[in-house]
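See structure below.
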2 protein chains.
Amino acid sequence: MNSMFENELNYSANKYRTPDGAPTDIVIFTILSKEKNKVKKSLPSRELYVMLIQRNIWPYERKWALPGGFTRETETVYSCAERELKEETGVDLAHLEYFNVYSDPGRDPRGWIISHAFLALVNENVLENRRAAVDASEVRLYTVNEALSLDLAFDHRQILQDALQRIRQRMLTTTIAKEFLPEEFTIGELYQVIQTVVPEFEEKNFIRKITSTQSRKGIIEEVKDRNGSLELSNRYSQRAAQLYRFTDLEPQLSIYS
Amino acid sequence: MNSMFENELNYSANKYRTPDGAPTDIVIFTILSKEKNKVKKSLPSRELYVMLIQRNIWPYERKWALPGGFTRETETVYSCAERELKEETGVDLAHLEYFNVYSDPGRDPRGWIISHAFLALVNENVLENRRAAVDASEVRLYTVNEALSLDLAFDHRQILQDALQRIRQRMLTTTIAKEFLPEEFTIGELYQVIQTVVPEFEEKNFIRKITSTQSRKGIIEEVKDRNGSLELSNRYSQRAAQLYRFTDLEPQLSIYS
DNA sequence: GTAATAGTGTCTTTAAGACATTATATG
DNA sequence: CATATAATGTCTTAAAGACACTATTAC
């Protein structure tokens, strides 16, 4: 079945057992917003969701699992993840990040299968469009807590937990918050997105830290119109708020400075 | 050759090409010290080294490569890396960290081989003992710059570069510096180790930052003897220096606080 | 004394942290 | 005017940054 090592006669034939597959599993996160209050303008409530699919074949038939699939010989595991992400969500350009490999013997009853786990961050707008098109009975968004309370297929509960830890760390140390925000956003929205992913996050003087601290200043900038005057938004508030956008500066953190 | 999917008759036979192996490659870093000055006590000069082995079989015969080997069906890729690390260095308990997967089609002329790259940090004392025992002609420590200037086997130059980037980031955001230091060390040694891995690192008031800043205070602590008086060392200096040790506190960094 | 490393004093500027206050727009 | 969010004022404390200065000990 494996036609390999044909290149060089001298090379010792492959007498070893070889893996039965190198799939990817993708933890696709999104944040859904719900308008809270029709009477007065107010910030929506947001919650973190993860996409699961219900398996219809052995093994773990009927159980919910992470989307994913087998890597082909002609692609990298990253390309495979891109392909699967596109198939499930229709999304081409999302944040897609490799985070771990799962290789416990026995993790898959089909054989010796080493899985490569990715996490993807998808904006709800992009996703909502797609959901209507896809057969909704097999694909669903679950809140992270719901998902963790399910009896997921394979070692997907572990993978989900690891992904969650990773996305929380990334949310605080990189600018991935931008994946969940429009190009231009208010400080309130940014703060809310961070808290949605990292519930224990709290900074009293958030606006000041992010706008006036030397070391952080520069990761976001005020949006101005062509006359140079500041652009405001009152999407979510009575009083219009300053709009910001992320620059392409990535902060360098250090425990020693 | 692959005896799989025997569990369930209904499961569609594995009609797909499967990988020819899932090896690990390990980037083993160490820091070597050279005494600088026999006349006066002074800090040694330190340099970052990486362990390479010279291949003696096809493919890439005679080229230098990262140590590593094929994962077995009965172990995880992490166990495989542990096993290989032990074989090369004799070291059981070192910092060993998975950092990336390499799966470009064609990266290995032997077939479809997906490699899992680890980085290991080993203290020079442990390593020096071992080196005498091992046949030195096939295993060598190269300075990182030397290694990068070699024509390494496979995609190992890329892997080494990625590992280097990762260890630099880890050096500044975690307490892995301890892997290169004795249990008890002086501020001067710590500073030097950081600079060895991250040459551009420079902090004027380093001693004050690390000992008196609220947010950092706590990752290292002064060493005291049983009477509670401070322990000093003059290994490397005329004037004895305070000894410190790492606590088991891991700092949490954030760009938003 | 000189050299080499360790560590402190002092002053200025910047940031953090807490909280009250003001600002703006909606219904 | 009540409400909801945005943003500033003010005061205290902590930390950063610069740099001169003192401390210790081998030779």
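So you know, we letter chains A, B, ... as the sequences are listed, proteins then strands, and number each from 1.
- For the pair L243(B) CG and dA6(C) P, the interatomic distance rounds to 11 Å; values are reported in whole Å.
- Between E179(B) and N123(B), the shortest heavy-atom distance links the atoms O-ND2, 3.6 Å.
- If you take CG of L232(A) and C1' of dA23(C), they are 12 Å apart, rounded to a whole angstrom.
- Two residues, N205(B) and R239(B), neighbour DNA chain D, and the one matched to the more 5' nucleotide by heavy-atom proximity is N205(B).
- Rounded to an integer number of Å, the gap from E202(B) CD to dG17(D) P is 12 Å.
- In the set dA4(C), dA6(C), dA6(D), dA6(D) carries the atom at the smallest distance from any side-chain atom of S237(A).
- When the C1' atom of dT5(C) is taken as reference, atom CZ of F185(B) falls 17 Å away, rounded to whole Å.
- Rounded to a whole Å, the CZ atom of R235(B) is 18 Å from the C1' atom of dA26(D).
- In this structure, CG of N234(A) is placed 21 Å from P of dT3(D), rounded to the nearest angstrom.
- In the set dG7(C), dA16(D), dG17(C), the nucleotide with an atom closest to the side chain of K209(B) is dA16(D).
- Annotation: side chain to side chain donor-acceptor pair (under 3.5 Å) contacts of S33(B) (sequence neighbours excluded): E124(B).
- Atom CD of E222(B) is separated from atom C1' of dG7(C) by 12 Å (rounded to the nearest Å).
- In this structure, CE on M171(A) lies 7.0 Å from OH on Y256(B), to the nearest 0.5 angstrom.
- The pair R83(B)-E87(B) counts as a salt bridge, with a side-chain nitrogen and a carboxylate oxygen less than 4.0 angstrom apart.
- Minimum atom distance to the side chain of Q242(A) is reached by dA7(D), of the listed dA6(C), dA7(D), dA6(D).
- For the pair R208(A) and E203(B), nearest-nucleotide mapping onto DNA chain D gives the more 5' position to R208(A).
- Remark: P of dC11(C) and NZ of K204(B) are 21 Å apart, rounded to the nearest angstrom.
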